[in-house]
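Comments concern the structure below.
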Number of protein chains: 2
Amino acid sequence: MTKQIGKYQVIYSAKTRRGIQDFTEIINGKWKLPILITLFEKPYRFKELSRKLQISPRMLTRELQDLEMNKLISRTVCNTKPTTVEYAITKTGLTLKKILVEIGTWGIAYRKKMLAKE
Amino acid sequence: MTKQIGKYQVIYSAKTRRGIQDFTEIINGKWKLPILITLFEKPYRFKELSRKLQISPRMLTRELQDLEMNKLISRTVCNTKPTTVEYAITKTGLTLKKILVEIGTWGIAYRKKMLAKE
DNA sequence: CGGTATCCGAGATGATACTG
DNA sequence: CAGTATCATCTCGGATACCG
């Protein structure tokens, strides 16, 4: 819900502000978005993620736990030997995809513009 | 650029990843988004922002400098007595508006869904 | 008014070694 | 393999006082 006032557009809703706040809290931390983007591709195991993103196991564990707690990813223990665990994006997590792609597109355009200016 | 593989969609571009990374670095910090959202509304002076968002001058200065360095806001010193400084969103900053509104909408829907489950 | 300087504590992050 | 434990480091953010 916005209203044009010359160049400026008011974001009226306090709900929108809280929504943005929720978002930032959920994706906060250095690795949340990289993990999500990776899992958009396909499910991964712990070690695979660790290798692909160059994260220490300690941080990876914490970030995965946060994401799982917020229902954005799922954790599945496989009956293999030795044990493997698969992380996958959830239906809720998928709702973030569109926005993340847009953010990526914005970032590309932004970088291009900044480089052009210098 | 995406491709459907069952439930999963590949985000091919490494550029997209870097774009997302750029975005997170630019909006990183507790106050970047709240400041931007406030300036979408209209230009504000230093003290006004400090009061409205309840930020200490130290943090406000740092966050404003970051945003200005990244060309998302402008800083204008006014010829008044005592000196006042006006911060306003730039054309580049405005390009973030659409995404922030979408993020807010996502957050609202997300919260609603989570509350429904419990 | 619009900052800067200084200090402090809490939390984030990383490296490494270890466990089941 | 999938983590956990431990330690060290670094950054973030807040409080406060001060300056031009």
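Below, all heavy atoms of this structure are taken into account, side chains as well, without hydrogens, waters or symmetry copies. Each chain gets a letter, A, B and so on, in the order its sequence line appears, and its residues count up from 1. Note that the coordinates shown come from a computational prediction; the quantities given were computed from them, not determined experimentally.
- When the side-chain nitrogen and oxygen atoms of B:Gln65 are compared with OP1 and OP2 of C:dG2, none of them lie within a distance under 4.0 Å.
- If you check every strand for non-hydrogen atoms under 4.0 Å, A:Arg62 touches a base.
- Residue B:Thr84 is classed as a sugar-phosphate contact, given heavy-atom separations below 4.0 Å to backbone atoms only.
- Following rounding to the nearest Å, A:Glu68 (CD) and D:dG3 (C1') show an atom-to-atom distance of 14 Å.
- Looking at heavy-atom distances under 4.0 Å, B:Arg58 makes contact with a base.
- Here the side chain of A:Lys52 pairs no donor or acceptor atom with the backbone of A:Glu48 at under 3.5 angstrom.
- Taking CG from A:Leu64 and OG from A:Ser74, the interatomic distance works out to 10.5 Å, rounded to the nearest 0.5 Å.
- What separates NZ of B:Lys32 from C1' of D:dG13 is a distance of 12 Å, to the nearest Å.
- Side-chain nitrogen and oxygen atoms of B:Tyr44 include none within less than 4.0 Å of the OP1 or OP2 phosphate oxygen of C:dG2.
- OP1 and OP2 of D:dT11 both lie 4.0 Å or more from every side-chain N or O belonging to A:Lys30.
- Among the heavy atoms of the strands lying under 4.0 Å from B:Thr83 are primed sugar atoms or P, OP1, OP2 only; no base atom is included.
- Of the two residues contacting DNA chain C, namely B:Arg51 and A:Met59, the nearest-nucleotide position lying further toward the 5' end is that of B:Arg51.
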